[in-house]
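Per chain, numbering begins at 1; letters A, B, ... match sequence-line order. Keep in mind it's a predicted model, so treat the numbers as computed, not measured. Below, each value reflects all heavy atoms present in this structure, side chains not excepted, and no hydrogens, waters or symmetry copies.
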Protein chains: 2
Amino acid sequence: MTSPRPLRADAARNRARIMTAAHEQITEHGPEVSMEQIAAAAGVAVGTLYKHFPNKSDLVTAVVATSFETLADDAEECLQRENQGSPAMAELTGFLSRVMDTVAHNRAVKAAAYALGADHAAHPAMQEVETRVTQALGQLIRTAQAQGGLRADFTVDDLYLMLFTLPADQPPTARARWLALLLTGLTAR
Amino acid sequence: MTSPRPLRADAARNRARIMTAAHEQITEHGPEVSMEQIAAAAGVAVGTLYKHFPNKSDLVTAVVATSFETLADDAEECLQRENQGSPAMAELTGFLSRVMDTVAHNRAVKAAAYALGADHAAHPAMQEVETRVTQALGQLIRTAQAQGGLRADFTVDDLYLMLFTLPADQPPTARARWLALLLTGLTAR
DNA sequence: CTACAAGATGAAGCATCATTCACGTTATGG
DNA sequence: CCATAACGTGAATGATGCTTCATCTTGTAG
C-alpha cells in the first residue's frame, strides 16, 4: 500500500523543502502565489514542483491538509485535557479563540477552514481529518452541555458555522469582541 | 462643480449600459470577470469601458458603490418605519436578515460589505454612503436599547462586525441558524 | 448642412501564470 | 566504479487579461 520505491534521498529532501516553502508562501500571500515564487522560495526549479505534484491545485491541497491537521491535533488535545478534568466549555472557547487567531495570521489555515465546505473536502486526506475534528469537538460539545455551560441545542454543525464566519481581517480587539458577543449567545439558558 | 460639458447622448446611453452589464456580471461571477466579458455583455467594445473608467478597479468600485447605496437605502427605510412605530429591534434583525440573503446571492454586495474595511472605503463615494448607514443604524440601535430589546453595550461597530462575518456560501437553513444563534447573544440581559 | 470634437473601435502590446519537455545531472544498486 | 533509472532544470508554450492607441464613426453646435 505504501510507495513501491522509497524515494531517492535528494528527492525526499526537495519534497520537504517544497512543502515548507509552499506553506510559508501560501500562509503569507494566500493560495494565489505563483508556482515560480514557491519554487524560488524552496530553492528549486519550477519543474521540480511538478515532479512532486501533478499541478498547483494538488500542491495547495497538500499544504492545506497539513494546516488542517494542526487544527485536528488541537481539537484532540482539548478533548484530552477535558478528560483530565478541564471544563469542557473552557476548552471549546479556547479552541475557538486559537483558531481565530491562527486564521488571522495564516491564510493557509483560513483556506483550510473555508475548505471544509468546498471542493477541497473531496480529497481523501481531508475527509479523515474532518472526521477527527468532528469527533473530538462533538464529544467536547456533549460534555459541555452535560456540565451545563453550553446551550442544549448546540451542534457540531453550529461550531463549523462559527469557524466559517470567523473574522479574519479584523484587528485583535474586534476579534475578541466578536468572540465575546458570540459566547453570550452560546451560554446555557 | 458638475461636469463642464454634459456628456453626449450616445455616451450617456453607453455609460448606463456598461454600469448595468458590469453590475450583472460582477453580481454573478464576482469582481474577477474580465473587462472583455463585461464589454460583451454591454454590447460595446473594451475600449469604450476605458473611455468611461480609467481602469478596471474604478469600474468595480463604481458598481460596488451602487450596490452599497441600496444597502444604505434599506437602512434608512428601517429607521423611517421605526419612527412610525415599528419596533426598533425587529427592524434591526430584519435588516440583518435581508443583507445576509442579498450577500448570499449577490457577490457585488458581498464585496461591498467587505469593502467597508478595505481600500474601497478610501473612495469618496463610499465614505458618504458609509455615513448614511452608520447614522441610520446608530439611531436604530439606540432606540432598540431604549426599548429594552437590545443589550446595552451593543454598538454600530459591533453591527459592522456582524456584516463582515455574514455566512455567504451557506445554505438558507444554515444562514437562518447563524442569525438565530447570534441574536440570542444580542438580546438584552 | 458641415466641420469637428467627442466618442467608439478592436487589434496589438505587454504582463503574468500554469504547465510541459528535451536535455543535463546524480543517487544508488550491483 | 559503472550503468541507469530517477531526478532536476529552466526555456518555451499557450492561455488569459488589462490597457493603449491609431483609426474610424457620429452627435451636435453653429
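- Here B:His52 reaches the OP1 or OP2 of C:dA8: one of its side-chain N or O atoms lies under 4.0 Å away.
- Evaluation of the salt bridge (charged side-chain N to carboxylate O under 4.0 Å, His left out) rule for A:Asp73 yields A:Arg132 as partners, not counting sequence neighbours.
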Let me have a per-nucleotide readout for nucleotides 18-30 of chain C, 5' to 3', with B, S or -, counting only protein heavy atoms under 4.0 Å. SBB-----BSS--
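- Checked against salt bridge (charged side-chain N to carboxylate O under 4.0 Å, His left out), A:Arg8 has the following partners two or more places apart in sequence or in another chain: A:Asp10.
- Regarding A:Gln37, its CD atom lies at a distance of 12 Å from the C1' atom of C:dC17, rounded to whole Å.
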Please tabulate, for the side chains in residues 43-52 of chain B, all donor-acceptor contacts under 3.5 angstrom to protein atoms that are two or more places apart in sequence or on a different chain.
| residue | atom | partner | partner atom | Å |
| --- | --- | --- | --- | --- |
| B:Thr48 | OG1 | B:Ala45 | O | 3.4 |

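- Scanning for side chain to side chain donor-acceptor pair (under 3.5 Å) contacts around A:Thr20 gives an empty result, with sequence neighbours left out.
- Under 4.0 angstrom from either OP1 or OP2 of D:dG8 there lies at least one side-chain N or O belonging to A:Asn14.
- Rounded to an integer number of Å, the gap from CD1 of A:Ile18 to P of D:dC7 is 12 Å.
- Here the C1' atom of nucleotide D:dT20 and the CZ atom of B:Phe53 are 18 Å apart, to the nearest Å.
- Counting to the nearest Å, the C1' atom of C:dC17 and the CD atom of A:Gln25 are 16 Å from each other.
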Please tabulate, for the side chains in residues 173-184 of chain B, all donor-acceptor contacts under 3.5 angstrom to protein atoms that are two or more places apart in sequence or on a different chain.
| residue | atom | partner | partner atom | Å |
| --- | --- | --- | --- | --- |
| B:Arg175 | NH1 | B:Gln170 | O | 3.1 |
| B:Arg175 | NH2 | B:Asp101 | OD1 | 3.3 |
| B:Arg177 | NE | A:Asp158 | OD1 | 2.9 |
| B:Arg177 | NE | A:Asp158 | OD2 | 3.1 |
| B:Arg177 | NH1 | A:Asp153 | OD2 | 3.3 |
| B:Arg177 | NH2 | A:Asp153 | O | 3.0 |
| B:Arg177 | NH2 | A:Asp158 | OD2 | 2.4 |
| B:Trp178 | NE1 | A:Thr165 | OG1 | 3.4 |
| B:Thr184 | OG1 | A:Arg151 | NH1 | 3.1 |
| B:Thr184 | OG1 | A:Gly185 | O | 3.2 |
| B:Thr184 | OG1 | B:Leu181 | O | 2.8 |

